2 protein chains.
Amino acid sequence: MNVFDAPGITAVGLLYEVHAALSTRFAAQFEEHGLSTVEFEVLTRLARSPQNQLRMTDLAAQTTLSTSGVTRVIDRMERDGLVTRRACPSDRRSSFAVVTTAGLQRLNEVLPGHLRIIEEWFTGQLDPESLKALVGALRRVRDAVHPCATAGSDSKCDETKEPEPTA
Amino acid sequence: MNVFDAPGITAVGLLYEVHAALSTRFAAQFEEHGLSTVEFEVLTRLARSPQNQLRMTDLAAQTTLSTSGVTRVIDRMERDGLVTRRACPSDRRSSFAVVTTAGLQRLNEVLPGHLRIIEEWFTGQLDPESLKALVGALRRVRDAVHPCATAGSDSKCDETKEPEPTA
DNA sequence: CGGGGAATATTGAGCTGGCTATAGTTGCTT
DNA sequence: AAGCAACTATAGCCAGCTCAATATTCCCCG
């Protein structure tokens, strides 16, 4: 009847609802372990990077934060002992954020519950074919609207840009 | 090999990526018309409500904002002439937010482009069967993790809680 | 070499939203 | 009928983020 019932609106609305529900649930579990969502994201990104480290700029590119946002979240996490800063030997402008053993341990405390929630709230709700269809459709959309897609052969978008882990 | 390649992580990561890409694109278009994402969401919610109005509390329940957040966004939108406050005749504690004709006009300026972006970035990337599968899967997850689902027969979750329009 | 433009991280200023307290209102209960 | 608990909107305070400005460093090109 009205525009708000358009199929596209419904689909996007569902996507937003699921995203919001998952985000809220994830955040609640992160908080049980004294982490915010961005802190978990930073830990994850660092832990899956070579030598458990990433330049501030690259960390910003892999998260939803600006570079100044990264500076501040690393400030907090360094204060809490989860990461440290390390000067880049080859470029004195850059500095690395390195996850500490305490940071890795914190991540290991959080991950099992995180995976359990994903299973309980998301993947476990779908039979394998539906999940495969969902992932396939999302991947197609992602590939089509990926920042690289619109920027053409932008070299900034190299293969190191992985799907965001969960946050 | 490592935990980050678990299927659930990949699926959630894709969901987050698509959500982030759409959010960013939507926000850019909203900004062309001088609206923020929450302002668009408020306009949409009001416009699809009876008499173009909603109590502050109900508006908060239908958005991602707290009640004080709603107070403030309505402050800004009232200042910009998009909505007005109206006292509730039957309950002097409540007040309605009512969308003005200027607000409706602004919404009508934004919506066509919004729908076009949804088509271009999302639904248009999928063949009809894939889109149907995607919507079906999302709906199943949504129904399973919907706030009402965990709260049991919580009367606060009535049928007026629709899928979020797009933001 | 050496200068100008790009890149990098950080800081300050400002905006936005949540949490909590508060004041006013309602309606139930005894 | 009175009191009390719940509800409603708002204001104060604070956390976290982005944007713009800044200082330092790198690189390219003459």
Side-chain angles (χ1 to χ4, degrees), chain A residues 20 23-24 27-28 30-31 34-43 45-46 53-80 82-98 154-158 167, chain B residues 20 23-24 26-28 30-31 34-42 45-46 53-80 82-98 154-158 167:
Chain A
S23 294
T24 304
F30 297 152
E31 197 178 3
L35 287 180
S36 70
T37 299
V38 286
E39 286 167 351
F40 173 81
E41 193 177 350
V42 166
L43 283 183
R45 288 292 181 183
L46 293 180
Q53 66 182 9
L54 227 38
R55 295 188 323 156
M56 305 295 276
T57 302
D58 297 331
L59 194 48
Q62 291 192 13
T63 63
T64 59
L65 291 172
S66 65
T67 59
S68 54
V70 167
T71 292
R72 289 182 166 113
V73 75
I74 294 297
D75 283 346
R76 295 195 294 270
M77 294 176 74
E78 191 167 31
R79 184 199 58 200
D80 297 343
L82 301 174
V83 301
T84 52
R85 281 179 167 87
R86 173 183 300 166
C88 176
S90 62
D91 187 340
R92 273 195 285 182
R93 293 170 302 179
S94 297
S95 64
F96 286 109
V98 196
D154 185 354
S155 64
K156 286 298 178 53
C157 283
D158 52 53
Chain B
S23 295
T24 305
F26 291 157
F30 297 151
E31 196 178 4
L35 288 179
S36 69
T37 299
V38 287
E39 286 167 351
F40 173 81
E41 194 178 348
V42 166
R45 288 292 180 183
L46 293 179
Q53 65 181 11
L54 227 36
R55 298 187 320 155
M56 305 295 275
T57 302
D58 298 331
L59 193 49
Q62 291 191 14
T63 62
T64 59
L65 289 172
S66 66
T67 58
S68 53
V70 167
T71 293
R72 287 175 173 118
V73 74
I74 294 297
D75 283 346
R76 296 195 292 271
M77 294 176 75
E78 191 167 31
R79 183 200 58 200
D80 297 343
L82 301 173
V83 302
T84 52
R85 282 179 167 88
R86 174 183 299 166
C88 174
S90 62
D91 187 340
R92 274 194 284 181
R93 295 170 300 179
S94 297
S95 66
F96 287 108
V98 196
D154 185 354
S155 64
K156 286 296 177 54
C157 285
D158 53 54

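Every heavy atom of this structure was used, including side-chain atoms; hydrogens, water molecules and symmetry mates were not. The model shown is predicted, which means the values in this text are computed figures rather than measured ones. Chain naming here is simple, since letters A, B, ... match the order of the sequence lines and numbering starts at 1 in each.
A side-chain donor-acceptor contact under 3.5 Å links B:D91 to the backbone of B:R93.
If you find the closest nucleotide of DNA chain D to A:S68 and to A:R93, the one lying nearer the 5' end belongs to A:S68. Residues A:G69 and B:D75 each lie close to DNA chain D; by heavy-atom proximity, the contact nearer the 5' end of the strand is made by B:D75. The residue among A:V70 and B:S66 whose nearest nucleotide of DNA chain C lies closer to the 5′ end is A:V70.
Under a cut-off of 6.0 angstrom, the local environment of CZ in B:R85 is crowded, with over 12 non-hydrogen atoms contributed by other residues, nucleotides or ligands.
Of the candidates C:dA13, C:dG18, D:dA9, the closest approach to any side-chain atom of A:R72 belongs to C:dA13. For B:D91, whose side chain is taken as the heavy atoms from C-beta onward, the closest listed nucleotide among D:dC17, C:dT25, C:dT8 is C:dT25. For A:L65, counting side-chain heavy atoms from C-beta on, the closest listed nucleotide (D:dT10, C:dG17, D:dT18) is D:dT18. Residue B:R55 has its side chain nearest to D:dT8 when only D:dT8, C:dT10, D:dT10 are considered.
Between B:D80 atom CG and C:dC15 atom P the separation is 13 Å, expressed in whole Å. Between the CG atom of A:L54 and the C1' atom of C:dT8 there is a distance of 14 Å, given to the nearest Å. Between the C1' atom of D:dA11 and the CD1 atom of B:I74 lies a distance of 17 Å, rounded to the nearest Å. Per the geometry, CE belonging to A:M56 stands 13 Å off P belonging to D:dC17, to the nearest Å. The distance from atom CD of B:E39 to atom C1' of C:dG17 is 13 Å, rounded to the nearest whole Å. Computed from coordinates, the B:L59 CG to D:dC7 P distance equals 19 Å when rounded to whole Å.
Contact between the side-chain N/O atoms of A:R92 and the OP1/OP2 oxygens of C:dA7 is not found at any separation under 4.0 Å.
Between the side chain of B:R76 and the base of C:dG17, no donor-acceptor pair of N or O atoms lies under 3.5 Å.
The shortest non-hydrogen separation linking B:T71 to B:M56 is CA-CE, 3.8 Å. Shown here for B:F96 and B:P89, the closest heavy-atom pair between the two residues is CE1-CD, 4.3 Å.
Contacts of A:T71 with the nucleic acid, taken as non-hydrogen atoms under 4.0 Å apart, include base atoms. When heavy atoms are screened at a 4.0 angstrom cut-off, A:T67 is found touching base atoms of the nucleic acid. If you check every strand for non-hydrogen atoms under 4.0 Å, B:V73 touches nothing.
Between the side chains of A:R55 and A:S94, at least one donor N or O sits under 3.5 Å from an acceptor N or O.
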